[in-house]
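Taking it in order: structure first as structure tokens, then the write-up.
What you see below is based on every heavy atom in this structure, not just the backbone, and it leaves out hydrogens, waters and symmetry mates. Chain naming here is simple, since letters A, B, ... match the order of the sequence lines and numbering starts at 1 in each.
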There are 2 protein chains.
Amino acid sequence: MRQNEHAVRRSRGRPPIRSDEETRHLILEAASLEFRTNGYASTTMAAVGQRAGVSTKTMYRLIPTKADLFKSMCSERIGRFMLAIDETKVGTLALEAALERILGAYGTLALDGEVIAITRLVTSESDRFPELGSAFYEGAFRRTREAIEGWLRRQCDRGLIALDDPGVAADMLRGMMVMEPQRAVMLGQRPAPDADEIAARARMCANLFLNGCRRDRTVAGSSPA
Amino acid sequence: MRQNEHAVRRSRGRPPIRSDEETRHLILEAASLEFRTNGYASTTMAAVGQRAGVSTKTMYRLIPTKADLFKSMCSERIGRFMLAIDETKVGTLALEAALERILGAYGTLALDGEVIAITRLVTSESDRFPELGSAFYEGAFRRTREAIEGWLRRQCDRGLIALDDPGVAADMLRGMMVMEPQRAVMLGQRPAPDADEIAARARMCANLFLNGCRRDRTVAGSSPA
DNA sequence: CATTTTAGAAAATAATAGTTTTCCATAAAA
DNA sequence: TTTTATGGAAAACTATTATTTTCTAAAATG
């Protein structure tokens, strides 16, 4: 028994320069950059291989088709896009400060340049790759919603706020926080916002969401027929 | 002088079956459908010609390249979005009802299936066609913002609401109104919302925006250090 | 050293699609 | 009826590119 269960070199011949896993990683990184820059159709396998410093032969050994390359790359990235709301850090804050922090975290995620690029890419190609559309929506989009929704629901339970549908409210919060800057970046009209801008926006959103902008403080729903 | 300034048949030969303008229109309609369905790269000129019932020869006579076809089609569509926004009749309505109507009009435009499809298309291809990205942003996106912003500003002047920046507030309103359903449609997760859904959403947004959701009615900015 | 195995470089294959051109029936006009 | 312009059908021409294959220079092993 000169060989273990697996992964022990038993053959002669030239040993691999790197592990397949490493090579795969190189390829996916290169693919991410190429796809983000050029889109699916305009990205050539040759360009990916060249950027990764890997021959087409090796590339095709590890990843069978261009579609697989795209899907692997996107799936891997989508897995990263999750909003973590750390209760310990938010719990003790006053209502508005807490919401401000949550929105700041969401904005930092959703308005990151690379995240926007992948979002755009997945959106563009969701016809060709419906699984990716679903994966993105379910895995990334819905998760962040649930994080915010959960927090809203808890504040409702505590009687601090009143919402008919915390889920829809969470969507609205997200929309007010990121839609316009995200769209502007996607359309090439401006660079991704920096931390200060995100923070300022989070503050405005939290305030508006909690307080509204009406001057005369008629309570909602109390208006007569 | 048997011939007018222009456009009068002086030559013999077979007369055109339709005017070039009509033919152009046929082609653009077909192109819209094909591009919306398949995206830029996957749309073939042959498919467009076939759908339009026009030969490639005629097509290339009227529209020199595929890029031109795409740009013409998008520009034409973007032009329509602007028309639809204009003045929503709001005049005498109470504050909240007026905002509800404005948001309903915006939602009806922005959440229309074809508009979403074009939005997605332009967003996808804004790298390849930066002019389109700008045209869309300036022509369609900014206009709707200004329409809403103007109304908000007037309500501020009347003292009914208080906003630091009505422009940003207008963006936020739009985001809360359409981001989530628009994204869901783009990702193929649901069909475009119907009129009832849009109306319901507009109502929720208007209410939330004007009143906020806070239970204890501490006025914003009055909290102690 | 001889045998093997690895992976890059580059050529080969094949299919697709943008663009151009050819060929032709047709329908006024003279 | 002859002339002439129109526009469809289809072939031709080119590029591009995904994918496969060939050729080769390392570099372990025994």
Write down the distance between [atom1] ([X]) and [atom2] ([N]), rounded to a whole number of angstrom.
X	N	atom1	atom2	result
A/Gln50	C/dA9	CD	C1'	11 Å
A/Met59	D/dT17	CE	P	13 Å
B/Arg18	D/dT6	CZ	P	14 Å
A/Ile17	C/dG8	CD1	C1'	8 Å

I'd like a list of close polar pairs between nucleotides 23-26 of chain D and the protein, N/O only, cut-off under 3.5 Å.
{"unit_1": "D/dA26", "atom_1": "N3", "unit_2": "A/Arg14", "atom_2": "NH1", "d": "3.2"}

Look at [X] and [N] and indicate whether a side-chain polar atom (N or O) is within less than 4.0 Å of OP1 or OP2.
X	N	value
B/Thr56	C/dG18	no
A/Arg61	D/dT21	no
A/Ser55	C/dG8	yes

With sequence neighbours excluded, tell me which residues meet side chain to side chain contact (heavy atoms under 4.5 Å, CB included) with [X].
X	value
B/Arg61	B/Asp20, B/Thr58
A/Met204	B/Val168, B/Met172
A/Glu146	A/Arg142, A/Glu149
B/Arg51	B/Ala30, B/Leu33, B/Glu34

Hey, can you pull the residues of residues 22-40 of chain A with a non-hydrogen atom under 4.0 angstrom from DNA chain D?
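Result for residues 22-40 of chain A: none.
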Counting side-chain heavy atoms from CB outward, which of D/dA18, D/dG8, C/dG18 is closest to A/Tyr60?
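The nucleotide sitting nearest to the side chain is D/dA18.
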Residues in side chain to side chain donor-acceptor pair (under 3.5 Å) with A/Thr119, at least two apart?
none
Identify whether any heavy atom of B/Thr65 sits under 4.0 Å from a base atom; if not, whether one sits that close to sugar-phosphate; answer base, sugar-phosphate or nothing.
sugar-phosphate
Going by the ring-ring contact (aromatic ring centres under 6.0 Å, His included) test, which pairs reach into [range], not counting sequence neighbours?
range	result
residues 170-209 of chain A	none
residues 174-203 of chain A	none
residues 37-65 of chain B	B/Phe35-B/Tyr40, B/Tyr40-B/Phe70, B/Tyr40-B/Phe129

Give every pair of a protein N or O atom and an N or O atom of nucleotides 12-17 of chain C that lie under 3.5 Å apart, one pair per line with the distance.
none

Any side-chain donor-acceptor pair under 3.5 Å between B/Arg120 and A/Ser124?
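The criterion, which ignores hydrogens and geometry beyond distance, is not satisfied for A/Ser124 and B/Arg120.
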Steps toward side chain to side chain contact (heavy atoms under 4.5 Å, CB included) verdict (A/Ser134, B/Leu187)
CA-CA 7 Å; A/Ser134 300; B/Leu187 289 170; over 6 Å; no
Identify, with sequence neighbours excluded, every residue that meets salt bridge (charged side-chain N to carboxylate O under 4.0 Å, His left out) alongside A/Asp112.
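Result, salt bridge (charged side-chain N to carboxylate O under 4.0 Å, His left out) vs A/Asp112: none returned.
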